[in-house]
Undergrad: 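Input: one structure, supplied below.
Any value given below was found using the heavy atoms of this structure, including those in side chains, with hydrogens, waters and symmetry copies removed. Values in this document were obtained by computation on a predicted structure and should not be read as measured data.
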Amino acid sequence: MRLATNHLGYVVQRFDGPAIGWFATTDPTTPEKAKQQLDNLARTPGAEYRVYPALGEKA
């Protein structure tokens, strides 16, 4: 059996418009830590933010 090399985590993503789209601003972590990072984040006016599931490399 093969072992998975990725695991599911959660990141804070930022949306800067249709030309750029969504991109992660944090490393994958637990849902609780991602929500805390979103609450503590210095935000850019006009940008949208969300907590989103993402794949990350195992350490």
Undergrad: Could you pull out all residues at least two apart from Phe15 that satisfy ring-ring contact (aromatic ring centres under 6.0 Å, His included)?
TA: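 Result, ring-ring contact (aromatic ring centres under 6.0 Å, His included) vs Phe15: Trp22.
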Undergrad: Using the test salt bridge (charged side-chain N to carboxylate O under 4.0 Å, His left out), find all partners of Asp16 that sit at least two apart in sequence or belong to another chain.
TA: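 Listed in chain order: Arg14.
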Undergrad: Minimum heavy-atom separation for Pro28 and Gly9, please, with both atom names.
TA: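 Nearest pair, atom of Pro28 first, then Gly9: CB-CA, 4.2 Å.
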Undergrad: Flag the pair Arg43 / Leu38 as yes when at least one side-chain heavy-atom distance between them is below 4.5 Å, and no otherwise.
TA: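 They are in contact (side-chain heavy atoms under 4.5 Å apart), so the answer is yes.
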Undergrad: Can you see which heavy atom on Val12 is nearest to which on Ala34, and at what distance?
TA: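 Nearest pair, atom of Val12 first, then Ala34: CG2-O, 3.4 Å.
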Undergrad: Not counting sequence neighbours, which residues clear side chain to side chain contact (heavy atoms under 4.5 Å, CB included) with Pro53? List them please.
TA: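 Pro53 satisfies side chain to side chain contact (heavy atoms under 4.5 Å, CB included) with Leu8, Tyr10 only.
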Undergrad: Under 4.5 Å between side-chain heavy atoms, chaining through other members, with only Ile, Leu, Val, Met, Phe, Trp and Tyr counted: pull out the rest of the cluster around Ile20, sorted by chain and number.
TA: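 Phe23, listed by chain and number.
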Undergrad: So how far is it from Tyr49 OH to Leu41 CG, rounded to the nearest 0.5 Å?
TA: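 It comes to 5.5 Å.
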Undergrad: Would you check if Gln37 and Thr29 make a side-chain contact, meaning some heavy-atom pair closer than 4.5 Å?
TA: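 Contact flag for Gln37/Thr29 side chains = yes.
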Undergrad: Which pairs pass salt bridge (Lys or Arg N to Asp or Glu O under 4.0 Å) with one or both residues in residues 18-42, sequence neighbours excluded?
TA: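 Of all non-adjacent pairs touching residues 18-42, none passes salt bridge (Lys or Arg N to Asp or Glu O under 4.0 Å).
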